[in-house]
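Quick note on labels: first sequence line is chain A, next is B, and so on, each numbered from 1.
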2 protein chains.
Amino acid sequence: MVAEPHTSKYPIFAVACDIVTLTLRAGQLCTLLVRRSGSVHTGRWALPGGFVRQDENLEQAAYRELWEEAALGRGDVHLEQLAAYGDVHRDPRDYRVVSVAWVALGADLPNPAPATDVDRAEWVPVEEALQRDLAFDHPQILRDGVERARSKLEYTTIATAFCPASFRIPDLRRVYEAVWGQKLDPRNFQRKALSAAGFIVESGETHHGRGRPSKLYRRGQAEFLTPPISR
Amino acid sequence: MVAEPHTSKYPIFAVACDIVTLTLRAGQLCTLLVRRSGSVHTGRWALPGGFVRQDENLEQAAYRELWEEAALGRGDVHLEQLAAYGDVHRDPRDYRVVSVAWVALGADLPNPAPATDVDRAEWVPVEEALQRDLAFDHPQILRDGVERARSKLEYTTIATAFCPASFRIPDLRRVYEAVWGQKLDPRNFQRKALSAAGFIVESGETHHGRGRPSKLYRRGQAEFLTPPISR
DNA sequence: TGAATAGTGTCTCTTAGACAGTATCAC
DNA sequence: GTGATACTGTCTAAGAGACACTATTCA
């Protein structure tokens, strides 16, 4: 692997990764934004991301950026690829930049630790983030990432990625309510969550809060929800 | 936009596109394969694809390759992005190649017209294609593309993309049977296809074949199937 | 005792799956 | 008529949505 190609028979691109990081904070669906301090779009808000290095896989680059810009490790988030964005004019620089976008889901994540190439990073409610004038095509990427999370809640078990290792069924319901932006019937939700094979398993512990103590659960082995939970 | 960057501050990549083209031929789910004649993996079978040019969007590149290697135009197929593949060693050449893969679905497509950079192109049943020793990481891309088609049949209306403009309900059922590899009850399928709002609409014409004449349908406006049709 | 939270039970209507029969053509 | 294909109808059991009640704790 070399920095410069031996032949000029192919067009030259830069490859970046951008990450839609989603978590629940105070019952609200939030995403991580950074204020840019690089060579272009300086001062504007953007999704965390950066160039993929010559010697790392795409997924490794996404994890590295998560670590550098938000101090999040592999154990903290569920990461999955969203799509590649490569319109000719998506980057104002005079070379082509294709961005491979990712969605990262995590439980009530810590306040971000700004890295070298950002002035500031912060959690922003998704609705507010979409109001801000994000850099590049990041408004589109953010919309796509949120829609990905919304639809995958229906037929996969990724809702547990928004929860800590041990959680209550009402916590899980609040994930659905926050991501979908609508209330769900607690009784029907409880029945569905328990009847979906491999979705959640009892941990044996109980949580003592204000009212009746609640059973605690952990995520099960299943990846898909059968039957699905519909919006 | 220039061929060479003004700065060397970012790693240099090539960006390719590869296409999982799926169609039904004689009731079998088939994909288009080409025999490579380029600089690497010469003589091996691979998915059609090539480098993205400096002045075209990713989707434009996919349509261009479809046209050059299979004489398929925008009206012939439903095209959607699959994922980006960019492992460090996915290409044996000494520079990084990130491939943006696409899935193209079409109705009984014509025999391919080989283009300049292939010895031969042909439709191959998916099961057989997975047996062949495809170049690069194309076995993985093909598996992912087929799985994408399989799952999207359940909750979207893309099954109609495998049919010509006018089709019979049993034709549509055979699409599901071929892609899913399992038989479906004709009576229940008919009921579901007709009850899903916006899935199919009567064209008014009838088809006269061996038995009782059948009503003809066209695809409706809906993009999602409500309720879904389950495997 | 009352407020807060967790959990269970029941009813009804719709739908999914299984299955049998009828309709319309070519020959 | 016979064979082939298309289409319609019915039964039953399970699930979805709507809703009311009980349980356990703290203050």
May I ask you to check whether [X] and [Y] show a side-chain donor-acceptor distance below 3.5 Å?
| X | Y | result |
| --- | --- | --- |
| B:E205 | B:H207 | no |
| B:Y85 | B:D144 | yes |
| A:R143 | A:Q140 | yes |

Whole-Å distance between [N] [atom2] and [X] [atom1]?
| X | N | atom1 | atom2 | value |
| --- | --- | --- | --- | --- |
| A:L194 | C:dG7 | CG | P | 9 Å |
| B:K215 | D:dT5 | NZ | C1' | 15 Å |
| B:L184 | C:dA18 | CG | P | 11 Å |
| B:Y217 | D:dA6 | OH | P | 12 Å |
| A:R168 | C:dA4 | CZ | P | 16 Å |
| B:L225 | C:dA16 | CG | P | 11 Å |
| B:Q182 | C:dG17 | CD | P | 11 Å |
| B:K183 | C:dC19 | NZ | P | 17 Å |

- [ ] Record whether the side chain of A:R212 comes under 3.5 Å of the base of C:dA6 through a donor-acceptor pair of N or O atoms.
- [x]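 Donor-acceptor pair under 3.5 Å: yes.
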TODO: Considering only NZ, NE, NH1 and NH2 on the basic side and carboxylate oxygens on the acidic side, decide whether A:E202 and A:R219 come within less than 4.0 Å.
DONE: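 A salt bridge is absent here (no side-chain N lies under 4.0 Å from a carboxylate O).
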Open item on the list: On the nucleotide C:dT8, are OP1 or OP2 found under 4.0 Å from the side-chain N or O atoms that A:Q190 carries?
Closed with: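 Indeed, a polar side-chain atom of A:Q190 lies that close.
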TODO: Answer yes or no: does a side-chain N or O of B:R174 lie under 4.0 Å from OP1 or OP2 of D:dA6?
DONE: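 Yes, B:R174 has a side-chain N/O under 4.0 Å of OP1/OP2 on D:dA6.
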- [ ] Could you tell me how the ring of B:H41 sits relative to the ring of B:F136: parallel (under 30°), tilted (30 to 60°) or perpendicular (over 60°)?
- [x] perpendicular
TODO: Give one of base, sugar-phosphate or nothing for A:P186, where a contact means two heavy atoms less than 4.0 Å apart.
DONE: nothing
- [ ] Please give the angle, rounded to 10 degrees, between the axes at the start and the end of the helix from C:dT1-D:dA27 to C:dC27-D:dG1, where five pairs define each axis.
- [x] 10°
TODO: Return the 5'-most residue of the pair A:H208, B:I169 with respect to DNA chain D, ranking by each residue's nearest nucleotide.
DONE: B:I169
Task: Ring centre gap for B:Y176 and B:F189 strictly below 6.0 Å - done: yes
Task: Side-chain donor/acceptor of A:T23 to backbone N/O of A:G106, under 3.5 Å - done: yes
Task: Side-chain donor or acceptor of B:T21 paired with backbone N/O of B:L32 under 3.5 Å - done: no
Open item on the list: What I'd like to find out is whether the side chain of B:T157 reaches to under 4.5 Å of the side chain of B:I200, using heavy atoms alone.
Closed with: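 Contact flag for B:T157/B:I200 side chains = no.
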Open item on the list: Generate the contact string for nucleotides 12-21 of chain D. Rules: B means base contact, S means sugar-phosphate contact only, - means no protein heavy atom under 4.0 Å.
Closed with: ----BBBBB-
